[in-house]
Amino acid sequence: MTQATIAKPAETTTIKSLKCKECGMEYDAKAMHICEDNCFGPLEVSYDYDAIRRQVTRETIQAGPNSIWRYRPFLPVTTDNVIDVGTGMTPLVKSHRLARRLGLKNLYIKNDAVNMPTLSFKDRVVSVALSRARELGFSTVSCASTGNLANSTAAIAAHAGLDCCVFIPADLEAGKVLGTLIYNPTVMAVQGNYDQVNRLCCEVGNTYGWGFVNINLRPYYSEGSKTLGFEVAEQLGWQLPDHIVAPLASGSLYGKIYKGFQEFIKVGLVEDKAVRFSGAQAEGCSPIATAFKEGRDFVTPVKPNTIAKSIAIGNPADGIYALEIAKKTGGNIESVTDAEIVEGMKLLAETEGIFTETAGGTTIAVLKKLVEAGKIDPDETTVAYITGNGLKTQEAVQGYIGEPLTIEAKLDSFERALERSRTLERLEWQQVLV
Ligand SMILES: *Cc1c(COP(=O)(O)O)cnc(C)c1O
Ligand SMILES: [Zn+2]
């Protein structure tokens, strides 16, 4: 008599451990994020790079899914049973008109404003965090969010059939709130800023046993951002750029783009190359930019006050690591005013046809500022990371853009309106010229 053997899911994990970034102590890959037994430093996933090298070539990646999961051996999951909602592989657009306007020759826009399913880079980190949450046996997932993370957690939890409860500051943009509620999670709008929301969530996490994507699952969550580095390298034809500009909230995504590039070098997928890392903050919440300018290696927390709410973290968890990377790569961390952020949003829209949210406006405004200060070489291959979609932060540009010309449904009404608008345009030009 033959007996059927039950096939277990392939355990093809490349995870080695969770490793403390400060003291190096190693832990099992569980739901935890700080070095509880020693120094209370943050934990990071470490991998068996020999195993990755054996599994991965440019060809195996290209033959993989058209999503972040083409890089699965570099991501912290243990089975192939991942949540793939088409996240990642967003366009890397060669910029012509914005590049000319700024005086750059090799500018690219990594456009996560059209990421799936919720139009921000957060879909990357959440796809990874919830895939790992499911492996670890969580049935309820949660997060402390500045807006986009709540959208993404609620949507992907809905897709995966996980219970979901998210925490946001009560004063978020309408589009961000609605873009969470539609998935029908429990939404807690906390009367306080993000840093207060985060503190509350740490307490809730300790007692409720939920999977908080950016707290107890943070080591897994943050690894998702490496795909912003992997994709750019692949899309540039398996080459690294010379310079990147990315927004900084907690500083996590910025550091993980760096880790992504380093891993591709380590396993031989791209040639080693020095990439300069520049970062963007809003002046109304710029603790990392301020520390950089003052030459400090520590970050002093601030109370946020800016229209760039998605990056308004006053006490950034990975701020010191962002400072380190900017310094050692020869990059810069700059901040811009809310008015410059609105101008940045308009500039990207008018020149490239990309409508980004305030965080993207911050990145473009800082890009412009760095070029004007001679801190980006016109010949450098530069990638600006656009991380979110403008339809979610409409309040930011209301009153700063044109209005439709209301006309009757008659040809002569159209013609008069057209003539008026052309006269106006001429007048504006004359004002520019005098
Ligand atoms: C969260 C967020 C960021 C920054 O993320 P960190 O990894 O915390 O620095 C940037 N842009 C947008 C649109 C975001 O939602
Ligand atoms: Zn430690």
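Just so you know, ligand 1 is whichever comes first in the structure, and atom 1 is the first atom listed for that ligand.
In this pair, Phe167 and Trp210 present their aromatic rings tilted. The plane angle is within the 30 to 60° band. A tilted orientation is assigned to the rings of Tyr47 and Tyr49, their planes being inclined by 30° to 60°. Between Phe230 and Phe74, the angle of the ring planes lies from 30° to 60°, which puts this pair in the tilted group.
For a distance threshold of 2.8 Å, the protein N, O or S atoms nearer than that to the Zn ion (ligand 2), listed by chain and number, are Cys20 SG, Cys23 SG, Cys35 SG, Cys39 SG.
Within the 4.0 Å heavy-atom criterion, the part of Ile311 lying near ligand 1 is the side chain and not the backbone. The proximity of Phe121 to ligand 1, defined as any non-hydrogen pair under 4.0 Å, is limited to the side chain.
Considering backbone and side-chain atoms alike, Ala249 places an N or O below 3.5 Å from some N or O of ligand 1. The N/O atoms of Gly251, backbone and side chain alike, include one that comes under 3.5 Å of an N/O atom in ligand 1. The distance criterion of under 3.5 Å between nitrogen or oxygen atoms is not met by Glu357 with respect to ligand 1. Where the criterion is an N or O separation shorter than 3.5 Å, residue side chain and backbone included, Leu253 meets it with respect to ligand 1.
A salt bridge does not link Glu340 with Lys368: none of the charged nitrogens is closer than 4.0 Å to a carboxylate oxygen. In this structure, Glu350 does not pair ionically with Arg97, as no charged nitrogen and carboxylate oxygen lie closer than 4.0 Å.
Of the protein's heavy atoms, Thr387 OG1, 2.7 Å lies nearest to atom 11 (N) of ligand 1. Among all protein heavy atoms, the one lying closest to atom 14 (C) of ligand 1 is Lys122 NZ, 2.9 Å. Of the protein's non-hydrogen atoms, the one nearest atom 8 (O) of ligand 1 is Ser250 OG, 2.6 Å.
One N or O on the side chain of Asp338 and one on the backbone of Ile307 form a donor-acceptor pair closer than 3.5 Å.
The side chain to side chain contact (heavy atoms under 4.5 Å, CB included) test with Leu248 is passed by exactly one of Ile333, Leu323, Leu253: Ile333.
With sequence neighbours excluded, the residues forming a salt bridge (Lys or Arg N to Asp or Glu O under 4.0 Å) with Lys309 are Asp171, listed by chain and number.
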